[in-house]
A.B. asks: 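First, the structure itself, so that you have it in front of you.
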Amino acid sequence: MTETIPLATARRIALAAQGFVDPAPSGAVDRRHLQRVLGRIGLLQIDSVSVLARAHYLPLYSRLGAYPRRLLDQAAWGRRPRLFEYWAHEASLLPVETQPLLRWRMERAADGHGIYSGLARFGVERRDFVETVLRRVEADGPLAASDLEGDPGEGGWWGWSDAKRAVEWLFWAGRLTTATRRGSFERVYDLPERVLPEAVLAQPTPQPQDAHRELIRIAARAHGIATASDLRDYFRLAPDQVKPRLPELVESGDLLPVSVPGWSQPAFLHAAARRPRRVHARALLAPFDPLIWERSRTERLFGFRYRLEIYTPADKRQHGYYVLPFLLDDRLVARVDLKTDRRSGRLLVLATGIEDGAPADTLEHLAVELRRMADWLGVAEVEAVGEGPMQPGLRAALAVSPPAEDGAARPYP
């Protein structure tokens, strides 16, 4: 018989799978801690918005507390990288060991499939130019699009020059990879054989169906419990790439079919998923945190409707520009619109919302986490600005909140 997993248990399973029940580091955070988190979540989404901090830094902070960001920089863009950039769940940082599992996507991109139509067309129509750009990188070493000759672009945020189109096509096709980032987070490209470990590049290329199966395994481990659409979304797989693999993973014992009351789709439990009786967590979650980036799953698990409103006109935003949900134990109990004012050295709380049924001491817990985040970001003050209904209460909580002690996100007293 198919096991029925209560919703509260499913929520705790998901939190455990994402690392929120792991012991907080007892001392300085080092590469082992970073690898532990990445071993659980599988990837970090990259995003250009830096109103608070770059998106890829924040999931590690939510799980490890105040870690040195240079650890991630070194792992991603150091001399011996342990991470690489590619399209997974959007633009992502992934362990280098995952690279062979995404070669099928690179091959499809080179053939014009699964890639932006304009870029696919450019790769066909301007193939000679693309090859010229590749030879330039081969000869001159790591280069950014701005280093390459080409058209100046069409202007505006989305205006790409031909040089940019060429390196992006080569990146999609796996013929270039990111060597480092510079300036305002600009990609610097190089040949994979000059960036990625030789042992990784020497691995045989799996058949697409084998790669899909392994990517689903990674997604299932990261979810703990998930529907087929949840598993598909983690690496942006197509339905026909997932559906045939699920019975195979059930047959192999990797996945166990289960049901969760209130979920309209069947669910799958990872065979090694932990089932904690309670979760003792407290963390601010970035909009692109893998726990919450699939909004329908967030609503199913937590009863928490969450949308990113960056592209919503200011007068139509419900909660704010860059809103972080606040996790307390196994519930999302609040949300805050945050901005780092680096010039004045302040973490600004532009708006605060408390969920129905949140504990009475939610603002006190939130104030502690905001002070810890400010300390990690290197700003001296936290200020709740504006006159929203929760701002006076948060200001009062901040006034009595002690300074950050060790920056640890978990556990809390």
Side-chain angles (χ1 to χ4, degrees), residues 38 41-47 55-56 76 81-124 127 130-131 133-134 137 145 160 164-179 187 189-197 199-223 226 228-246 248-249 288 290 293-294:
L38 285 166
I41 66 178
L43 72 160
L44 297 167
Q45 185 174 336
I46 300 170
D47 189 77
H56 53 285
R82 300 306 309 161
L83 304 173
F84 79 107
E85 287 188 38
Y86 194 61
W87 294 99
H89 184 93
E90 305 297 333
S92 303
L93 284 169
L94 307 104
V96 292
E97 293 80 9
T98 310
Q99 194 267 357
L101 302 179
L102 292 167
R103 290 178 191 163
W104 63 273
R105 181 167 282 168
M106 298 172 186
E107 293 170 0
R108 281 175 51 82
D111 290 336
H113 303 297
I115 187 173
Y116 304 131
S117 58
L119 197 57
R121 188 166 55 251
F122 180 88
V124 173
R127 183 58 58 91
V130 170
E131 294 297 327
V133 167
L134 179 62
V137 175
W160 278 10
K164 177 65 173 175
R165 292 185 180 96
V167 291
E168 284 298 312
W169 187 93
L170 290 162
F171 178 83
W172 265 103
R175 299 178 68 185
L176 291 179
T177 192
T178 306
R187 271 195 189 127
Y189 302 85
D190 203 355
L191 304 179
E193 55 264 36
R194 296 201 293 235
V195 176
L196 301 178
V200 169
L201 295 174
Q203 289 183 22
T205 298
Q207 290 297 312
Q209 63 268 27
D210 295 330
H212 299 158
R213 190 183 303 109
E214 189 58 34
L215 292 172
I216 296 167
R217 281 196 184 100
I218 295 171
R221 184 181 66 231
H223 280 308
S229 60
D230 294 335
L231 296 172
R232 180 172 65 83
D233 176 74
Y234 212 72
F235 286 96
R236 297 291 203 237
L237 299 173
D240 63 356
Q241 294 166 344
V242 172
K243 188 175 181 180
R245 307 284 78 84
L246 293 177
E248 298 168 357
L249 289 167
F288 305 107
W293 66 28
E294 212 295 297

A.B. asks: Applying salt bridge (Lys or Arg N to Asp or Glu O under 4.0 Å), can you list everything that pairs with R103, at least two apart in sequence or on another chain?
C.D. replies: none

A.B. asks: Do the ring planes of H89 and W293 sit parallel (below 30°), tilted (30 to 60°) or perpendicular (above 60°)?
C.D. replies: parallel

A.B. asks: How close do P100 and P204 get, heavy atom to heavy atom, and via which atoms?
C.D. replies: CB-O, 4.3 Å

A.B. asks: A228 and L246: which non-hydrogen atoms are nearest, and at how many Å?
C.D. replies: CB-CD1, 3.6 Å

A.B. asks: How far does CZ of R245 sit from CZ of R217, to the nearest 0.5 angstrom?
C.D. replies: 11.0 Å

A.B. asks: Would you give the length of the straight line joining atom CD of Q45 to atom CG of L94, rounded to the nearest 0.5 angstrom?
C.D. replies: 11.0 Å

A.B. asks: Restricting to side chain to side chain contact (heavy atoms under 4.5 Å, CB included), what partner residues turn up for R221, sequence neighbours left out?
C.D. replies: I218, H270

A.B. asks: How many angstroms lie between CG in L215 and CG in L231, if you round to the nearest 0.5 Å?
C.D. replies: 11.5 Å

A.B. asks: Students often mix this up, so state it plainly: with edges at 30° and 60°, are the rings of F171 and W87 parallel, tilted or perpendicular?
C.D. replies: perpendicular

A.B. asks: Short question: side chain of H56, backbone of L93 - any donor-acceptor pair under 3.5 Å?
C.D. replies: no

A.B. asks: As an exercise, state the distance from OH of Y234 to CD1 of I216, rounded to the nearest 0.5 Å.
C.D. replies: 14.0 Å

A.B. asks: State, to 0.1 Å, how close Y189 and A145 come at their nearest heavy-atom pair, and which atoms those are.
C.D. replies: CE1-N, 4.3 Å

A.B. asks: Looking only at non-hydrogen atoms, find the nearest pair between A76 and P81 and report the distance.
C.D. replies: O-CB, 3.8 Å

A.B. asks: Just do the salt bridge (charged side-chain N to carboxylate O under 4.0 Å, His left out) check on E168 and R165 with the steps written out, would you?
C.D. replies: CA-CA 5 Å; E168 284 298 312; R165 292 185 180 96; over 6 Å; no

A.B. asks: Tell me which one of H212, R232, R213 satisfies side-chain contact (heavy atoms from CB on, under 4.5 Å) with V242.
C.D. replies: R232

A.B. asks: Do the side chains of E131 and R175 get close enough for a salt bridge, i.e. N-O under 4.0 angstrom?
C.D. replies: yes

